[in-house]
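To start, the structure itself, in structure tokens.
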Amino acid sequence: MTTTELEIIKALAEEGNMRKAAERLFLSQPALSQRLQSIEKEWGTLLFIRSQKGLEPTSAGELVIAYAREAILKREETFEMIASMADKIHGTLKIACASIVGQTWLPQVLKEYVEMYPDAKISLITGWSSEIVKALYEGEAHVGIVRGQVDWKSRKTYLFRDWLYLVDREITTIDELKDTERPFIQFKSDSNYHMEIQRWWQRHFDQNPGRQITVDQIETCKQLALNGIGYAILPSITLVGDEDVNKIPLLNNEEEFELTRDTWLIGYESSFALKQVDAFTQIVQGHAEKLQKDYDY
């Protein structure tokens, strides 16, 4: 199979829809359909069937899809190895990043990266920390940026620590949570984050929040709190500083923050040897040091 044919199989598998795959590949649907028929003829079997859900791979199709993905990945790795031998920074930088960092802090880092290395390409996926680790295991990313406590045996570099704040338009002290009728707005996150919040709550209060609202994204959670619908617990990385709300640090005592969230850069040593990854690492660490100084200030 040619590289184009491999990309066709991969796109059809990931999109599960002929129209969407055609748009992604910049082909017309008839042209894509014809190319698929040619590929199926080469393999001597049907690779996809049409259903109400879209395109469904056959048993043979699943084998060919796995082959296509592996071949594409191997080709990319070969190009990256060749690129790492040259002086110029190019090749693809594949990053898997915790969603909250990808939405708030990482764009500044990538802006500097693309300005310094315009020949490099970037592939970015976001998700929970457990999904980041999975992406590294499966070779979908060179490096991962994760939050909280993550079990990683290879290279793990500390980036920065941010603090958790109670954010609300009306509540001004933690003690007011005992009697408030306002709802607690939470966002879906990895289990470690929720466990930390739950442990903090149980150490300070005898019962769980009376009213709760759960949303799927942290930005939605923030906007609901900013609009006075209820209170939320948010990391300082999400707070620009000009929000018109009360921001109350979760304190252990008058001098020490109790609840914090660490951010780490992780990956395999072999990935950090790639020039595009090494260049990214240096920029990341520079921005992390600046952020930490801003927090300390």
Side-chain angles (χ1 to χ4, degrees), residues 3-4 6-11 13-15 20-21 23-26 68-147 150 152 154-160 217-219 237-238 263-291:
T3 302
T4 302
L6 294 171
E7 293 288 353
I8 286 173
I9 293 299
K10 184 171 180 286
E14 292 176 352
E15 299 295 344
K20 291 181 180 179
E23 291 175 354
R24 172 171 161 180
L25 296 165
F26 299 100
R69 285 174 170 160
E70 185 177 350
I72 290 171
L73 181 61
K74 189 65 179 177
R75 183 174 183 272
E76 290 177 350
E77 290 174 348
T78 303
F79 271 112
E80 288 161 2
M81 291 176 66
I82 294 172
S84 67
M85 298 175 187
D87 293 332
K88 207 170 188 179
I89 302 293
H90 49 81
T92 301
L93 169 66
K94 295 186 288 187
I95 310 165
C97 181
S99 296
I100 181 175
V101 179
Q103 294 169 4
T104 56
W105 181 72
L106 187 64
Q108 305 166 33
V109 178
L110 293 181
K111 181 177 184 292
E112 180 176 342
Y113 184 83
V114 298
E115 288 175 350
M116 292 183 66
Y117 308 110
D119 295 316
K121 298 178 182 178
I122 296 173
S123 170
L124 173 64
I125 58 176
T126 60
W128 295 347
S129 292
S130 57
E131 296 171 326
I132 307 307
V133 172
K134 183 173 181 288
L136 290 172
Y137 282 146
E138 296 181 353
E140 295 177 357
H142 294 129
V143 290
I145 298 177
V146 295
R147 304 266 290 169
V150 175
W152 183 255
S154 193
R155 184 165 166 178
K156 182 178 180 181
T157 303
Y158 173 79
L159 293 180
F160 58 83
Q217 297 289 333
I218 190 169
E219 183 60 27
I237 193 174
T238 66
T263 299
W264 305 83
L265 178 70
I266 63 174
Y268 292 108
E269 289 290 350
S270 56
S271 293
F272 286 101
L274 296 170
K275 290 193 174 182
Q276 72 270 33
V277 177
D278 179 63
F280 174 73
T281 301
Q282 293 181 42
I283 294 175
V284 162
Q285 290 177 319
H287 278 262
E289 289 173 6
K290 182 179 182 300
L291 179 64

Between CD1 on residue Ile95 and OG1 on residue Thr126, distance to nearest 0.5 Å: 11.5 Å
Set of salt bridge (Lys or Arg N to Asp or Glu O under 4.0 Å) partners for Arg24, sequence neighbours left out: Glu14, Glu15
Contact check, side chains of Leu106 and Leu124, non-hydrogen atoms, under 4.5 Å: yes
Ile237 side chain reached by Phe160 side chain, heavy atoms, under 4.5 Å: yes
Nearest heavy atoms of Phe272 and Asp278, plus distance in Å: O-CB, 3.8 Å
Point-to-point distance, once rounded to the nearest 0.5 Å, from CH2 of Trp105 to NE2 of His287: 7.5 Å
Atom CD of Glu70 with >12 non-hydrogen neighbours under 6.0 angstrom: no
Of all pairs that satisfy salt bridge (Lys or Arg N to Asp or Glu O under 4.0 Å), the ones with a partner from residues 108-128, not counting sequence neighbours: Lys88-Asp119, Lys111-Glu115
Min side-chain heavy-atom separation Ile145-Thr263 under 4.5 Å: yes
Approximate separation, where rounding is to 0.5 Å, of Glu140 CD and Ile125 CD1: 5.5 Å
Stepwise side chain to side chain contact (heavy atoms under 4.5 Å, CB included) test for Val284 and Tyr113: CA-CA 9 Å; Val284 162; Tyr113 184 83; over 6 Å; no
Parallel, tilted or perpendicular: rings of Tyr158 and Trp264 (30°, 60°): perpendicular
Test item: Lys275 side-chain N/O and Gly91 main-chain N/O as donor-acceptor pair under 3.5 Å: no
Rounded distance [0.5 Å steps], CG in Leu265 versus CD in Gln285: 7.0 Å
Min side-chain heavy-atom separation Leu291-Leu159 under 4.5 Å: no
NZ on Lys10 to CG on Leu73, rounded to 0.5 Å: 9.5 Å
Least distance between heavy atoms, Ser154 atom then Gly267 atom: OG-O, 3.3 Å
Minimum-distance pair of heavy atoms, taken over all atoms of Glu131 and Gly127: OE1-CA, 3.2 Å
Taking every non-hydrogen atom, the tightest pair across Thr104 and Gln108: O-NE2, 3.7 Å
Main-chain N/O of Arg147 paired with Ser129 side-chain donor or acceptor, under 3.5 Å: yes
Pro107 versus Gly102, closest heavy-atom pair with distance: CD-O, 3.4 Å
Residues Thr92, Glu76; criterion side chain to side chain contact (heavy atoms under 4.5 Å, CB included); working and verdict: CA-CA 8 Å; Thr92 301; Glu76 290 177 350; 5.8 Å; no
Spacing of Leu136 atom CG and Ser271 atom OG [to the nearest 0.5 Å]: 7.5 Å
Minimal non-hydrogen separation, Gly144 against Ile132, with atom names: CA-CG2, 3.6 Å
